[in-house]
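Below, each value reflects all heavy atoms present in this structure, side chains not excepted, and no hydrogens, waters or symmetry copies.
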Amino acid sequence: DEKPFSISYHDNKRFAITVACIGSFTEKMCSLKEGDHVGIRGPYGASFNLKGKNIVLVGGGCGCGPLAFLADEAVKNKINVNFIIGPRTKDALLFLERMKKSNIKTFVTTDDGSFGVKGFATDLLKDFIEKNNIDAVYSCGPEKMMKKVAEMCKDKKIYCEISLERYMKCSFGVCGQCCMDDSGFRVCADGPIIKGEEALKLKEFGDYRRDASGKKVKL
């Protein structure tokens, strides 16, 4: 009953993951105390590739985890970062104070208007793309959101990478549990980071996913 997680923080001495308690596995994790043991293997799969000097990060919910790590790395490389955080509500807002401490320009939208601008992260991205010279866009979060991000970037010819999420079992490309469509694309080994234009070629991207049994579930 292993589960895949992204790293949300890393330095020379420690790393962190960010967990939302949404099921039996994560509820068990959230009940762990300091000194308890967990098993970890990895890292596996592809990573983000930083390009250009002016980038936008678009995160929704827990998708902000790997993007927060990416933001830290971008700052180290003297890249200008604009971080759009788009949770459903204020209670799901992550990393705002952390980004401020790192002097990362952060913009917040919430679906219900409880914090920041009422609306979607993609609304702010559209405005950014129209008014600024953006070199690259990176996104992680709900798949419908990422599909809109990828479509916008394709239309404006802006480099884009997104982070996919699927059920993963072996995590290194053998079992086929996380394959998408009939393409043979394995999220664990060929992803989870993929260029936006490549993601748009996958028929199920932004349309449906599969549950633990392999059954199609509409997004």
Side-chain angles (χ1 to χ4, degrees), residues 1-51 57-77 83 92 94-95 98-99 102 138-143 145-146 160-196 198-199 202 204-205 208-217 219:
D1 195 27
E2 295 177 311
K3 302 293 181 183
F5 291 95
S6 298
I7 294 173
S8 57
Y9 176 83
H10 179 268
D11 60 26
N12 292 330
K13 296 182 180 179
R14 58 183 180 168
F15 73 91
I17 60 174
T18 300
V19 180
C21 295
I22 57 174
S24 58
F25 183 95
T26 49
E27 286 173 0
K28 179 66 175 178
M29 283 193 69
C30 291
S31 71
L32 295 173
K33 299 177 178 59
E34 184 175 350
D36 289 343
H37 289 80
V38 296
I40 296 175
R41 61 187 176 99
Y44 295 112
S47 59
F48 286 112
N49 297 284
L50 288 169
K51 293 182 179 291
L57 312 183
V58 185
C62 286
C64 291
L67 294 181
F69 180 19
L70 183 65
D72 292 337
E73 292 300 304
V75 169
K76 290 177 185 177
N77 286 277
F83 197 166
L94 297 172
F95 308 124
R98 174 179 159 189
M99 294 300 105
S102 298
Y138 303 87
S139 185
C140 184
E143 202 160 291
M145 178 197 80
M146 292 194 295
C160 172
E161 289 183 351
I162 59 101
S163 179
L164 291 168
E165 180 182 3
R166 286 295 183 275
Y167 269 99
M168 299 179 193
K169 290 185 177 179
C170 75
S171 74
F172 46 82
V174 175
C175 74
Q177 174 71 21
C178 64
C179 284
M180 295 179 68
D181 301 332
D182 55 358
S183 66
F185 180 86
R186 304 161 301 172
V187 174
C188 71
D190 303 317
I193 310 304
I194 181 175
K195 292 179 182 178
E198 295 302 314
L202 298 170
E204 72 178 73
F205 177 56
Y208 67 88
R209 61 177 178 82
R210 295 181 184 272
D211 63 17
S213 70
K215 180 181 177 180
K216 288 183 178 181
V217 179
L219 291 173

* Spatial distance of atom CD1 (I162) from atom CE (M145) [nearest 0.5 Å] ->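 Going from CD1 on I162 over to CE on M145, the span is 9.5 Å.
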
Side-chain contact test, heavy atoms from C-beta onward, threshold under 4.5 Å: evaluate it for [X] versus [Y] and give yes or no.
X    : Y    : result
F95  : L67  : no
F25  : V19  : no
I194 : F185 : yes

* Scan K3, E2, R41 and name whichever one has a side-chain hydrogen bond (donor to acceptor under 3.5 Å, both in side chains) with S171. =>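 For S171, the side-chain hydrogen bond (donor to acceptor under 3.5 Å, both in side chains) check succeeds only for R41.
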
* To do: Decide yes or no on side-chain contact (heavy atoms from CB on, under 4.5 Å) for V217 and R210, but give the supporting numbers first.
  => CA-CA 5 Å; V217 179; R210 295 181 184 272; over 6 Å; no

Under 3.5 Å donor-acceptor, [X] side chain and [Y] backbone:
X    : Y    : answer
D190 : R186 : yes
E161 : N49  : yes
T26  : A20  : yes

* Asked: side-chain hydrogen bond (donor to acceptor under 3.5 Å, both in side chains) with K33: which residues, sequence neighbours excluded?
  ->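 Applying side-chain hydrogen bond (donor to acceptor under 3.5 Å, both in side chains) to K33 gives none.
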
* G173 versus C188, closest heavy-atom pair with distance ->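 Heavy-atom minimum between the residues: N-SG, 3.1 Å.
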
* What are the two closest heavy atoms between R166 and Y208, and how far apart are they? ->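 Minimum heavy-atom separation between R166 and Y208: NH2-O, 3.4 Å.
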
* Mind checking what makes disulfide (SG to SG under 2.5 Å) contact with C175, not counting sequence neighbours? ->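 Residues passing disulfide (SG to SG under 2.5 Å) with C175: none at all.
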
* Give me the ring orientation class for Y44 and F172: parallel if the planes are under 30° apart, tilted from 30 to 60°, perpendicular past 60°. =>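 Ring orientation, 0 to 90° scale: tilted.
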
